[in-house]
Amino acid sequence: MTAPDPAPLRIGNASGFYGDRFDALRDMLTDGPLDVLTGDYLAELTMLILGRSRLKDPEKGYATTFLRQLEEGLGLAHERGVKIVANAGGLNPAGLADAVRKLAAKVGVPVTVAYVEGDSLPVPDGFLTANAYLGGSGIAACLRAGAEVVVTGRVTDAALVTGPAAAHFGWGPDDLDALAGAVVAGHVLECGTQATGGNHAFFGAYDPALLRRPGFPLAEIHADGSSVITKHDGTGGVVDLSTVTAQLLYETGGARYAGPDVTARLDTVRLTADGPDRVRIDGVRGEAPPPTLKAGLTRLGGWRNEVVFVLTGLDIEAKARLVQNQFADALERGGGRPPAEVRWELSRTDHADADTEERAGALLRLVVRDQDADAVGRAVSSAAIELALGSYPGFHVTAPPGKGAFYGVFEARPVPAGEVKHSAVLPDGSRLVIEPPALTQELADVGEPPLPDPYPSTAPTRRVPLGLIAGARSGDKGGDANVGVWVRGDDAWRWLAHELTVERFKELLPETADLTVVRHVLPNLRALNFAVHGLLGEGVAAQARFDPQAKAVGEWLRSRWLPVPVPLLEGIPLPEVTA
């Protein structure tokens, strides 16, 4: 007689970034049953912030918010038998583990604590931090040894799910398909409420009351690596095929999604509705991971300052030219050298014949950058503000100019997995070295799959925004951006797959015209994923553009107008036709 499949492992998420909803940890523990609760606190920018924190106090370097959340959550988790796994250790997982033990003693909760280390790498000259992205094997070892709380440094976001799942189901490094399924589930969970209707392109299709406070997601992981994405009953938000598709496309690239444990084939992912607020993920195939790990390095890139001038009413372009010329003259007369980089951006937010002063205003943004703090500080602020009584009519700025602030640079490099000393420090204090996978596979591009038959070219078209029929979600990876675009029907997919080429993408988004753009096709998701190389300069910490994390590039794309077959627009309210 065949043994019944073990019950699924319920893994929830309570943090998508350092600064996420504070009470989410408590809510996830009290709103419904869980086996494991995870928290993702680290991002490229966060590592830079923690690096500066550690310079001031070597005992810090971890996410202190996590500790404050545990003051109440630790007892709740212990009572309910929920294990907690978080990467809040940042640059000092040992320090955070010790702090958790002290907190447990203070609040009288007897919990066992373990941590994962080894991600920290030798820091090259000129850099602040250097950390490899570890997999979930160290987390699994800690849980197998009886840990109730596991904290880590820099691990992949999905490792917070693959580690507990591997420990629970007994997966080994050769269980590639199961691990890949858990990676996909982990990727859906990692950004919290982005999987439950947050930041969703089609938010207007849902009851606004549901989106007021979306609940955090959870995954029911099965022994074969398949999963169901859902949320606690009665919480806000929505889980459906569209919200899960959107998150699957976030900050990914091609069909091969590489990690330290496994390379997941995103082109094999199948999504099916499994009831209200339930989406099943299965069919995911896994391949051996690459022989190298991604390492993230951060450094202080220099100093920046900005001033936003408000231009009101008539002659906006002429007013902008006047203040730019005056500012350049004031800097020259100041006697110092100008900043290495001076950028102006005019945003025409003004409306003709406006009924309020604010609606009559445009914003002229000045950004300066330099290696020398003095070059962007008082000299720039003084030059800008001294124009106040001698410049364009209606002169004012959105805020008083400051003295400037540092900006950072993120850089990704490969490092051989064998050179990284991945270790699990178990609850009894013993140290277990985690060996890298014996079987690896160099990454290679996947050839473009066959496209569906084109949508009939004889169909009449109407010029409308792309976003009437297509969703999009965009994000950052170092200096690159990705823009995932999906549709919800087969006929729309036939049209999108042939219409939205790289050339068309660049035409719609002129900022990308001179950049390398690579299109990846994911037919199972009815989706295209565009990798835009170099759009973000030196990464989010460098704040090189108005939207430094490319969060809204997808919405910009959806706002662009193009001819769409009229039958695809049936039942969709249409805006007025543009010229």
Side-chain angles (χ1 to χ4, degrees), residues 43-45 157 187 190-191 194 199-201 245-258 266-267 294 296 301 341 343 345 347 365 367 369 407-414 443-449 451 465-467 470-487 496-523 525-562:
E44 295 169 0
L45 179 60
D157 302 333
H187 182 66
E190 70 179 60
C191 287
Q194 279 196 172
N199 298 355
H200 190 62
T245 297
Q247 181 54 27
L248 274 176
L249 295 173
Y250 182 65
E251 295 183 346
T252 58
R256 285 191 166 104
Y257 186 59
L266 299 183
D267 54 348
K294 174 183 173 181
E341 181 180 339
R343 295 181 57 183
E345 185 74 28
S347 297
R365 182 169 177 253
V367 177
R369 289 150 57 101
Y407 70 87
V409 173
F410 174 85
E411 181 180 326
R413 298 179 184 177
L443 278 180
D445 291 336
V446 174
E448 183 170 298
L451 298 180
L466 173 63
R473 176 163 286 167
S474 54
D476 64 303
K477 282 293 183 184
D480 301 337
N482 95 287
V483 185
V485 184
W486 78 95
V487 289
L496 183 76
H498 293 274
E499 172 67 22
L500 196 55
T501 61
V502 168
E503 292 71 27
R504 184 62 134 168
F505 181 92
K506 289 186 172 186
E507 175 188 326
L508 294 172
L509 303 186
E511 280 188 54
T512 71
D514 296 327
L515 301 175
T516 299
V517 177
V518 180
R519 186 179 95 150
H520 303 283
V521 181
L522 299 170
L525 302 177
R526 300 191 194 99
L528 304 172
N529 205 358
F530 294 87
V532 185
H533 296 278
L535 180 66
L536 306 179
E538 295 174 304
V540 55
Q543 302 183 55
R545 66 189 301 272
F546 175 67
D547 175 16
Q549 290 181 280
K551 294 288 190 181
V553 174
E555 287 302 294
W556 176 29
L557 177 65
R558 294 182 69 238
S559 74
R560 299 290 284 163
W561 293 58
L562 73 173

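Numbers for residues simply follow the sequence, beginning at 1.
With sequence neighbours excluded, no residue forms a salt bridge (charged side-chain N to carboxylate O under 4.0 Å, His left out) with Glu251. Here Leu443 pairs with Arg256, Ala258, Thr263, Pro290 under the side chain to side chain contact (heavy atoms under 4.5 Å, CB included) rule; sequence neighbours left out.
One finds the CG atom of Leu535 at 8.5 Å from the CG atom of Asp480 (value rounded to the nearest 0.5 Å). Distance check, rounded to the nearest 0.5 Å: CG of Leu496 to CG of Leu466 gives 7.0 Å. Between the CG atom of Asn199 and the CD atom of Glu555 there is a distance of 9.0 Å, given to the nearest 0.5 Å. Note that CD of Gln194 and OH of Tyr250 are 5.0 Å apart. Values are rounded to the nearest 0.5 Å. Rounding to the nearest 0.5 angstrom, the gap separating the CG atom in Leu536 from the CG atom in Asp547 is 8.0 Å. The CZ atom of Arg560 sits 7.0 Å away from the CG atom of Leu509 when rounded to the nearest 0.5 Å.
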Between Glu44 and Asp476, does the side chain to side chain contact (heavy atoms under 4.5 Å, CB included) criterion hold? Intermediate values first, please. CA-CA 10 Å; Glu44 295 169 0; Asp476 64 303; 3.7 Å; yes
Go through the steps to decide whether Asn529 and Val483 satisfy the test side chain to side chain contact (heavy atoms under 4.5 Å, CB included), and finish with yes or no. CA-CA 6 Å; Asn529 205 358; Val483 185; 5.6 Å; no
From CA spacing to verdict: side chain to side chain contact (heavy atoms under 4.5 Å, CB included), Arg365, Arg343: CA-CA 8 Å; Arg365 182 169 177 253; Arg343 295 181 57 183; over 6 Å; no
Side chain to side chain contact (heavy atoms under 4.5 Å, CB included) evaluation trace for Leu562 with Glu499: CA-CA 10 Å; Leu562 73 173; Glu499 172 67 22; 3.7 Å; yes
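Between Phe530 and Val517, the closest heavy-atom pair is CD2-CG1, 4.0 Å. Contact record, Ser474 with Gly554: OG-N, 3.0 Å, taken as the closest heavy-atom pair. Minimum interatomic distance between Leu500 and Arg519 (heavy atoms only, all atoms of both residues): O-NH1, 3.0 Å. Minimum interatomic distance between Ala255 and Leu522 (heavy atoms only, all atoms of both residues): CA-CD2, 4.2 Å. Here the closest non-hydrogen pair linking Gly471 and Ala201 is CA-CB, 3.8 Å. Minimum heavy-atom separation, Val521 to Pro523: O-CD, 3.5 Å.
Under the 4.5 Å side-chain criterion, counting only non-hydrogen atoms from C-beta, Phe546 is not in contact with Glu345.
Counting only distance, with no hydrogens or angles, the side chain of Asp157 and the backbone of Glu190 share no donor-acceptor pair below 3.5 Å. Using a distance-only test at 3.5 Å, with no hydrogens or angles considered, no donor-acceptor pair links the side chain of His533 to the main chain of Leu515. Remark: the backbone N or O of Leu525 is not paired with any side-chain donor or acceptor of Thr245 at under 3.5 angstrom.
Under the 4.0 Å criterion applied to side-chain N and carboxylate O atoms, Glu411 and Arg413 are assigned as salt-bridge partners.
More than 12 heavy atoms of other residues, nucleotides or ligands sit less than 6.0 Å from atom CD of Glu507.
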